[in-house]
S.K.: 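What follows is a single structure, and I will ask about it in a moment.
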Amino acid sequence: MPHLSPPTLTEREQKEILRATARILRDHLIYSLALGKGLRLAEIVGSNVGDVYTPDGRPRNRVRLRPEIAKGGRAGDVFLPDALVAKFRRFWARKRRQREGLRPEDPLFCSQGGRRRISPRRVQFAFRTWQAKAGFDRLYPFHSLRHCAITNVYRKSRDLFLAQRFARHVSPLTTTVYTHPSDEELFSRIRSLTC
């Protein structure tokens, strides 16, 4: 039943998309946020500088999602892994060099011009383009990065309630779709079947 298991990138594909975007810090950080925090597209593009950075430009370890960008208006705290904090340090320097807005109310991710907030459509289009450049066999929707993040948390912890809190789901039943076996796990189990 394909509707029960959301599309997820393989571990190799997750590494490939990050490797392919390593030199384009904005796109790389967008995909890192989706993969490392399971943020939704609207939460990423709706983020402001002040949501992630202190007034002196230091990345916060604990980021608060504002109700106006969070799904269902449910504000929540998001903890950033150390690797993301380091990437945000580099991103602040890039924003300063590009002369993008650094005030708390300025958009975190800007379009090429540097002043306007990047659009969800642009992020989706860029994601398809990067997948093609990385040589993916199939193209995934942007939301599959969130699916990967939640699935990865569940697989590493085998704790449904931890995965539920990470995903910010109201019910653990919503999170159970992320407990499915990966394609690699399925393939390794059926390879030696007698047929």
Side-chain angles (χ1 to χ4, degrees), residues 8-66 69-70 75-112 114-115 117-118 120 122-124 126-127 129-131 133-134 136 140 142-157 159 162-163 165-168 178:
T8 55
L9 286 71
T10 65
E11 209 172 303
R12 184 189 63 76
E13 289 170 330
Q14 292 174 48
K15 289 177 183 172
E16 284 300 317
I17 199 71
L18 293 176
R19 189 180 352 247
T21 59
R23 292 182 180 224
I24 309 299
L25 191 53
R26 181 197 65 187
D27 291 357
H28 181 80
L29 192 51
I30 288 171
Y31 308 142
S32 294
L33 269 173
L35 280 171
K37 288 311 310 151
L39 293 182
R40 297 173 177 93
L41 180 57
E43 295 166 342
I44 292 171
V45 300
S47 293
N48 291 336
V49 170
D51 297 334
V52 177
Y53 293 100
T54 61
D56 62 349
R58 286 181 298 123
R60 303 173 191 272
N61 289 326
R62 185 179 194 149
V63 175
R64 183 98 175 134
L65 287 179
R66 300 184 326 275
I69 63 170
D77 288 332
V78 175
F79 298 93
L80 295 182
D82 294 342
L84 271 175
V85 171
K87 290 177 184 184
F88 271 116
R89 281 192 199 104
R90 290 196 322 268
F91 191 63
W92 179 268
R94 178 212 169 265
K95 284 182 76 66
R96 177 172 279 156
R97 277 192 315 275
Q98 300 283 337
R99 298 184 189 276
E100 292 182 5
L102 297 174
R103 296 172 306 169
E105 64 276 7
D106 287 332
L108 180 61
F109 296 109
C110 297
S111 61
Q112 294 297 75
R115 289 286 173 214
R117 185 177 304 277
I118 194 169
R122 178 69 190 126
V123 172
Q124 292 168 329
F127 185 54
T129 303
W130 282 116
Q131 289 177 79
K133 286 182 181 179
F136 283 18
Y140 297 91
F142 184 85
H143 199 69
S144 64
L145 296 174
R146 175 174 164 77
H147 295 316
C148 291
I150 300 166
T151 300
N152 290 342
V153 167
Y154 176 75
R155 286 190 184 140
K156 285 187 169 106
S157 68
D159 184 335
L162 179 72
R165 182 161 180 216
F166 175 83
R168 300 176 325 276
Y178 299 100

S.K.: Which atom names give the shortest non-hydrogen contact between D51 and G46, and what distance separates them?
M.R.: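 In terms of heavy atoms, the two residues are closest at OD2-O, 4.4 Å.
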S.K.: Do the side chain of S144 and the main chain of Y140 share a donor and acceptor less than 3.5 angstrom apart?
M.R.: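 Pair absent, no side-chain N/O of S144 close to backbone of Y140.
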S.K.: With a 4.5 Å limit on heavy-atom distance, are the side chains of N48 and L108 in contact?
M.R.: no
S.K.: Suppose we screen for salt bridge (charged side-chain N to carboxylate O under 4.0 Å, His left out). Which residues come up paired with R19, at least two apart in sequence or across chains?
M.R.: E16
S.K.: Side-chain contact, heavy-atom cut-off 4.5 Å: R96 with L102?
M.R.: yes
S.K.: If only atom types and distance count, is the side chain of D159 paired as donor or acceptor with the main-chain N or O of L162 below 3.5 Å?
M.R.: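 Checked: pair present.
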S.K.: Has Y53 got a side-chain atom pairing as donor or acceptor with F88's backbone, closer than 3.5 angstrom?
M.R.: yes
S.K.: Is it true that, when you exclude D77 itself, more than 12 heavy atoms of the residues, nucleotides or ligands shown sit nearer than 6.0 Å to its CG?
M.R.: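 Check passes, neighbour count above 12.
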S.K.: Check whether more than 12 heavy atoms from other residues, nucleotides or ligands sit under 6.0 Å from atom CZ of R94, and answer yes or no.
M.R.: yes
S.K.: What orientation do F142 and Y31 show, parallel under 30°, tilted 30 to 60°, or perpendicular over 60°?
M.R.: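 Plane angle between 30° and 60°, so tilted.
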S.K.: Using a 4.5 Å cut-off on heavy atoms from C-beta on, say whether the side chain of D27 contacts that of F127.
M.R.: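 Heavy-atom side-chain distance check fails, nothing below 4.5 Å.
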S.K.: When you compare the side chain of V123 with that of I118, does any pair of heavy atoms fall below 4.5 Å?
M.R.: yes
S.K.: Start with the C-alpha distance between F91 and F109, add both sets of side-chain angles, then the distance that settles ring-ring contact (aromatic ring centres under 6.0 Å, His included), and finish with yes or no.
M.R.: CA-CA 10 Å; F91 191 63; F109 296 109; 5.3 Å; yes
S.K.: Check the pair R89 / R58 against side-chain contact (heavy atoms from CB on, under 4.5 Å), numbers first and verdict last.
M.R.: CA-CA 7 Å; R89 281 192 199 104; R58 286 181 298 123; over 6 Å; no
S.K.: For the side chain of R64 and the backbone of A75, is there at least one donor-acceptor N/O pair under 3.5 Å apart?
M.R.: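 Absent.
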S.K.: Between T10 and E13, is there a donor-acceptor pair closer than 3.5 Å when you use the side chain of the first and the backbone of the second?
M.R.: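 Between the backbone of E13 and the side chain of T10 there is a qualifying donor-acceptor contact (under 3.5 Å).
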S.K.: Counting distance only, does the side-chain N/O of R117 pair as donor-acceptor with the main-chain N or O of C110 below 3.5 Å?
M.R.: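 No; judged by distance alone, with no hydrogens or angles, the pair does not exist.
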S.K.: Tell me, please, which residues at least two apart from R40 pass salt bridge (charged side-chain N to carboxylate O under 4.0 Å, His left out).
M.R.: E43
S.K.: Is there a donor-acceptor contact under 3.5 Å from the side chain of R97 to the main chain of W92?
M.R.: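 No; judged by distance alone, with no hydrogens or angles, the pair does not exist.
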S.K.: Could you check whether any side-chain N or O of Q14 sits under 3.5 Å from a backbone N or O of L9, counting only pairs where one atom can act as donor and the other as acceptor?
M.R.: yes
S.K.: Locate the shortest heavy-atom distance separating S32 from L84; write the atom from each residue and the value.
M.R.: CB-CD2, 3.6 Å
S.K.: Between the side chain of K37 and the main-chain N/O of F79, is any donor-acceptor distance below 3.5 Å?
M.R.: yes
S.K.: Can you confirm whether Q124 is buried at CD, in the sense that more than 12 heavy atoms of other residues, nucleotides or ligands lie under 6.0 Å from that atom?
M.R.: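 Enclosed.
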S.K.: Keeping the roles fixed (side chain from H28, backbone from L18), state whether a donor-acceptor pair exists under 3.5 Å.
M.R.: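 Yes; at least one donor-acceptor contact below 3.5 Å.
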S.K.: Might you work through the side-chain contact (heavy atoms from CB on, under 4.5 Å) test for L39 and L65, ending with a clear yes or no?
M.R.: CA-CA 10 Å; L39 293 182; L65 287 179; 4.0 Å; yes
S.K.: Determine, stepwise, if the pair R103 / V49 fulfils side-chain contact (heavy atoms from CB on, under 4.5 Å).
M.R.: CA-CA 7 Å; R103 296 172 306 169; V49 170; over 6 Å; no
